[in-house]
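First listed ligand is number 1; within each ligand, the first listed atom is number 1.
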Amino acid sequence: FCAYEIFTAHDVNFSSRNLPTNEGSILFDTSGFVTAPYGGYFKFMKKLIVTKLLGPNAQVQSRSIRADELERLRGILLDKGRKKESVDINKEARKLVGNIVARMTMGRSFTQENGDIESIQSLVAKANASKIKTALSVLIFGQLEKLGISWFKKRTVFKNFDRLLERFLRALAMEALRLHPPAPIIPREFNQGCTVGGFFLPEKTKLLVNVYAVMRDPNVWENPLEFKPERFLTSSSSGQEEKRKRQALKYLLFGSGRRGCPASSLAYMIVGTTIGMMVQCFDWSIKGEKVNMDECFKEFTRAMAYPLTFTPFTRISTFDLENSLNLQT
Ligand code: HEM
């Protein structure tokens with residue numbers, strides 16, 4: 001049930017979620033699947049998720065799960081590569097994240113349980129008009145966080161180089177997701193009346209924060225439509241601290257404040273290691289000249305309009321992935 005909750009977290013965000021002090025409101029009322037007063041059930045679930053599922057200890061404990069699932073994906077890609085078959089990246093990414101979350105919450109992956117995660121997903125979709133595809137689908141594009149790092153991790157001499165690469169790759173991921181946020185709108189409701197930008201907003205005003213527009217706003221981003229990962233290459237020096245704080249206000253990929261996404265670090269970890277493995281172990285070819293980056297807007301989330309299909313070619317056959325995954329995940 002907890003897994004169901006997490007999978008549908010984005011439904012909660014975008015369709016039926018109400019915000020604090022709205023004690024009597026009903027959650028998930030659009031689905032008919034769960035109805036509960038905000039103050040009790042949801043607070044409990046949130047606490048459970050944040051502490052038990054997504055807390056730092058839980059993430060360390062679930063490292064082997066992530067490594068396992070990544071290895072499973074690598075096996076699939078190797079097989080496809082051998083047969084020269086193409087892979088629907090979106091579908092595999094959803095399986096990967098779905099299995100990781102299911103194993104973290106229930107100790108079983110969907111694949112093991114039913115043979116096919118797609119059937120589970122369609123059931124969830126029917127039950128709650130689920131937008132399960134959402135955040136998971138676009139993950140695959142941007143997060144090159146730890147690309148190429150694992151080879152060097154074990155060698156002390158490369159440690160500084162590692163750090164540099166991590167920053168650089170993390171910057172690539174952030175920039176790609178700035179331009180293509182999977183969750184482009186965040187809803188809020190005012191607990192009490194207040195003035196914003198000279199306008200008085202009474203209590204209970206509902207506000208939709210346009211994350212997409214904020215992250216492309218020319219007033220706060222220089223050349224906002226250009227892909228410039230270096231804009232995120234801030235150093236740890238004190239002068240940069242202010243810059244980082246300012247950035248947190250305009251970089252809303254995971255929302256902000258106490259309702260911000262509690263899984264941001266998990267998301268970076270999963271996506272970083274997955275893309276890292278995909279790039280280290282395989283070359284990729286596509287049909288045609290370039291990827292069609294058209295997006296569609298479904299159920300308040302953005303996703304690729306056309307399936308992302310590549311054919312993998314094995315690049316590293318004798319790669320000691322197991323060790324590197326253990327270090328990375
Ligand atoms: C790149 C991947 C992801 C993105 C971009 C993302 C983005 C978001 C955003 C924008 C919100 C709303 C924040 C707000 O209202 O301020 C949110 C909430 C949430 N996300 Fe994510 N998310 C991602 C991955 C995940 C994953 C993998 C999980 C679970 C394992 C997850 C669990 C949640 C939960 C439980 C909430 C609700 C938090 C609350 O309402 O208090 N997210 N996410």
Side-chain angles (χ1 to χ4, degrees), residues 1-20 22 25 27-28 34 36 38-39 41-55 58-59 62 65-66 69 90 93-106 130-145 170 172-189 206-212 214-215 248-275 300-303:
F1 189 72
C2 188
Y4 176 87
E5 181 74 291
I6 289 160
F7 275 126
T8 55
H10 296 275
D11 289 352
V12 181
N13 294 326
F14 303 120
S15 54
S16 54
R17 190 178 81 182
N18 287 296
L19 296 179
N22 212 353
S25 66
L27 287 171
F28 311 120
V34 176
Y38 169 81
Y41 166 77
F42 191 61
K43 267 185 190 159
F44 170 72
M45 287 306 294
K46 173 77 186 275
K47 194 170 171 191
L48 203 64
I49 289 168
V50 172
T51 56
K52 301 290 177 201
L53 182 70
L54 300 171
Q59 288 189 20
S62 61
I65 293 178
R66 295 195 298 275
E69 289 299 328
N90 186 308
R94 277 188 287 142
K95 270 192 213 170
L96 177 86
V97 181
N99 282 343
I100 289 173
V101 176
R103 285 182 64 182
M104 283 171 70
T105 53
M106 300 184 291
S130 171
K131 297 101 188 179
I132 195 168
K133 296 170 192 167
T134 58
L136 310 183
S137 64
V138 183
L139 292 182
I140 207 77
F141 293 110
Q143 311 244 2
L144 291 168
E145 188 180 22
R170 193 179 175 91
L172 279 171
M174 290 178 78
E175 178 67 343
L177 286 163
R178 179 185 68 82
L179 288 166
H180 305 281
I185 292 173
I186 297 176
R188 287 288 186 272
E189 186 179 289
K206 288 183 175 56
L207 182 83
L208 294 180
V209 181
N210 189 340
V211 169
Y212 185 86
V214 170
M215 297 216 283
L249 291 175
K250 57 185 187 178
Y251 191 76
L252 297 176
L253 177 68
F254 292 103
S256 186
R258 64 176 166 165
R259 303 309 296 268
C261 180
S264 55
S265 62
L266 178 70
Y268 273 121
M269 257 190 272
I270 295 176
V271 177
T273 49
T274 306
I275 303 285
F300 298 98
T301 60
R302 286 180 81 84

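Each of the following atoms of ligand 1 lies closer than 4.0 Å to a heavy atom of Gly255: 10 (C), 13 (C), 14 (C), 16 (O). Atoms of ligand 1 lying under 4.0 Å from any heavy atom of Ala183, numbered from 1 in the order shown and given with element: 10 (C). Using a 4.0 Å cut-off to heavy atoms of Leu253, the atoms of ligand 1 that qualify are 5 (C), 7 (C), 10 (C). Each of the following atoms of ligand 1 lies closer than 4.0 Å to a heavy atom of Pro262: 19 (C), 20 (N), 33 (C), 34 (C), 35 (C), 36 (C), 38 (C). Close approach of ligand 1 to Ser256 is summarised as follows: ligand atoms under 4.0 Å from at least one heavy atom of the residue are 16 (O).
Atom CZ of Arg66 is separated from atom CE of Met104 by 6.5 Å, given to the nearest 0.5 angstrom. Rounding to the nearest 0.5 Å places OG of Ser265 at 7.5 Å from CG of Leu54. Here the CG-CD1 distance, from Leu207 to Ile185, works out to 11.0 Å after rounding to the nearest 0.5 Å.
For ligand 1, the polar-atom distance check finds no N/O of Arg258 at less than 3.5 Å from any of the ligand's N/O atoms.
Contact annotation for Cys261 and ligand 1: heavy atoms of both the backbone and the side chain come within less than 4.0 Å of the ligand.
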Side chain to side chain contact (heavy atoms under 4.5 Å, CB included) evaluation trace for Lys250 with Met215: CA-CA 6 Å; Lys250 57 185 187 178; Met215 297 216 283; over 6 Å; no
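Of the candidates His180, Arg259, Met104, Arg259 brings a heavy atom nearest to atom 39 (C) of ligand 1.
Without hydrogens or angle criteria, Ser256 side chain to Leu252 main chain gives no donor-acceptor distance under 3.5 Å.
In this model, a donor atom of one side chain and an acceptor atom of the other lie less than 3.5 Å apart for Asn90 and Arg94.
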